[in-house]
Amino acid sequence: MQAWHVHENGEPGEVMRLADVERPTPGDGQVLLKVRAANINFPDALMCRGHYQVRPPLPFTPGVEICGETEDGRRVLANPALPYGGLAEYTVADAAAVLPAPEALDDAEAAALHIGYQTGWFALHRRARLEAGETLLVHAAAGGVGSAAVQLGKAAGATVIGVVGGAGKAAVARELGCDVVVDRRTEDVVAAVKEATGGRGADVIYDPVGGEAYTQSTKVVAFEGRIVVVGFASGSIPSPALNHALVKNYSILGLHWGLYNTRNPKLVLRCHEQLTELATRGAIKPLVSERVPLGGAAGAVQRVADGVTTGRVVVIPGPAEGGAV
């Protein structure tokens, strides 16, 4: 089979190499999966660079989220067991964590439903307790993680403000359903959000960016508002001023979705059931902006790393050697 390997850390476009390798052998409690579609996530780029909290041994195959097919033909969602990531024709995953793929979504859409939407659901509902009628501010609203939060916020009955970088991404954010879109490249984010909320600010702020975006969040968070920190795509990790949180009476919440897989896996299953129901009635649908063949995976990971993509970029492997599993 073919699989992408990273033999040394660096930029994805430089260190990812496509190789002919043996199919991985499942360990105890694991299953072999044929990869039908692999969604690219920012952590894939960070792992290539050696900057992610999870550092698989070299060489490894990137790809932390797939729609796959079991040996008995079931279509499933899974997080591959590294170092055998999803940017390959076959991978392995822990059997206990495999989830049924929603019938309402095709392979590429299903591959993009898992991590980003689970992260959004846990952040908005489990951590921030978002309520209908509240205002939700989403940074990087046209990106993979942000676009999921926008759709989940709208499904929950919130008014959604999306912050993006550039006119093209602003158009995508509007199509996703944002009630207000702020282009940080041409507008003053703080002034625009205050104007849109009548000076009140946002009840919940979803921040996968960090850096300046977090600073802006502290200036526009409402009384008893909640800032949910889900990542640092900007590369800058802020140092919160706790005296500011005290005098403005807001909460700073961290969200590391992966912990729920070990600390409370029943919640992950419950979340998937709710996401499946939302997808079935059309309330959410992953925005897949690109579908690329396996051979284009390195360039696709690099584009995600560079922040020039919108929605989700999904790799679709060709027929594996020997046919279907």
Side-chain angles (χ1 to χ4, degrees), residues 42 120 123-124 127-255 287 306-311:
F42 193 66
L124 300 183
R127 303 293 284 135
R129 307 293 182 180
L130 178 69
E131 297 181 4
E134 289 192 311
T135 297
L136 167 66
L137 171 64
V138 179
H139 288 287
V145 173
S147 61
V150 168
Q151 292 184 354
L152 288 168
K154 292 299 295 180
T159 297
V160 180
I161 301 173
V163 178
V164 299
K169 292 187 177 182
V172 170
R174 291 188 188 95
E175 292 174 3
L176 285 165
C178 285
D179 299 283
V180 177
V181 177
V182 181
D183 185 348
R184 59 179 173 80
R185 293 184 181 176
T186 59
E187 300 177 75
D188 182 317
V189 173
V190 174
V193 173
K194 286 185 176 179
E195 180 181 359
T197 60
R200 183 177 177 276
D203 299 291
V204 175
I205 300 178
Y206 188 80
D207 182 12
V209 179
E212 179 60 22
Y214 178 82
T215 301
Q216 293 165 349
S217 298
T218 64
K219 296 178 180 179
V220 299
V221 63
F223 173 74
E224 291 194 330
R226 293 84 79 197
I227 300 173
V228 189
V229 179
V230 297
F232 311 103
S234 67
S236 175
I237 300 176
S239 298
L242 297 185
N243 61 323
H244 192 259
L246 184 153
V247 298
K248 285 195 69 176
N249 210 47
Y250 63 86
S251 301
I252 304 165
L253 305 170
L255 187 278
L287 171 62
D306 293 340
V308 298
T309 60
T310 58

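Screening Asp203, Leu152, Val204 against Leu136 for a side-chain contact (heavy atoms from CB on, under 4.5 Å) leaves a single residue, Val204.
A distance-only check finds a donor-acceptor pair linking the side chain of Lys248 to the backbone of Thr218 [under 3.5 Å]. A donor-acceptor distance shorter than 3.5 angstrom exists from the side chain of Asp207 to the backbone of Val209, with no hydrogens or angles considered.
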For residues 140-149, tabulate all N or O donor-acceptor pairs below 3.5 Å that involve a side-chain atom, not counting sequence neighbours.
residue : atom : partner : partner atom : Å
Ser147  : OG   : Gly143  : O            : 2.7
Ser147  : OG   : Gly144  : O            : 3.1

Please set out all donor-acceptor pairs under 3.5 angstrom arising from side-chain atoms of residues 177-194, sequence neighbours excluded.
residue : atom : partner : partner atom : Å
Asp179  : OD1  : Lys154  : NZ           : 3.0
Asp179  : OD2  : Lys154  : NZ           : 3.0
Asp179  : OD2  : Val160  : N            : 2.8
Asp183  : OD1  : Gly166  : N            : 2.9
Asp183  : OD1  : Arg185  : N            : 3.0
Glu187  : OE2  : Asp183  : N            : 2.8
Asp188  : OD1  : Val190  : N            : 3.1
Asp188  : OD1  : Ala191  : N            : 3.0

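Listed by chain and residue number, His244 satisfy the ring pair (Phe, Tyr, Trp, His ring centres under 6.0 Å) test with Tyr250 (two or more places apart in sequence, or in another chain). Judged as a side chain to side chain donor-acceptor pair (under 3.5 Å), and not counting sequence neighbours, Asn249 has no contacts. Every residue two or more places apart in sequence or in another chain was checked for a side chain to side chain donor-acceptor pair (under 3.5 Å) with Gln216, and none qualifies. For Arg174, there are no side chain to side chain donor-acceptor pair (under 3.5 Å) partners, not counting sequence neighbours.
Side chains of Leu287 and Leu176 form a contact here, defined as non-hydrogen atoms less than 4.5 Å apart. Contact annotation: the side chain of Tyr206 approaches that of Leu124 to within less than 4.5 Å [non-hydrogen atoms, C-beta and beyond].
If you take CD1 on Ile205 and OG1 on Thr135, they are separated by 10.5 Å, rounding to the nearest 0.5 Å.
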* To do: Apply the test side chain to side chain contact (heavy atoms under 4.5 Å, CB included) to residues His139 and Ser217: give CA-CA distance (whole Å), side-chain angles for both, the deciding distance (0.1 Å), then the verdict.
  => CA-CA 9 Å; His139 288 287; Ser217 298; 2.8 Å; yes
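We find that Glu134 and Arg129 are not joined by a salt bridge, their nearest charged nitrogen and carboxylate oxygen being 4.0 Å or further apart.
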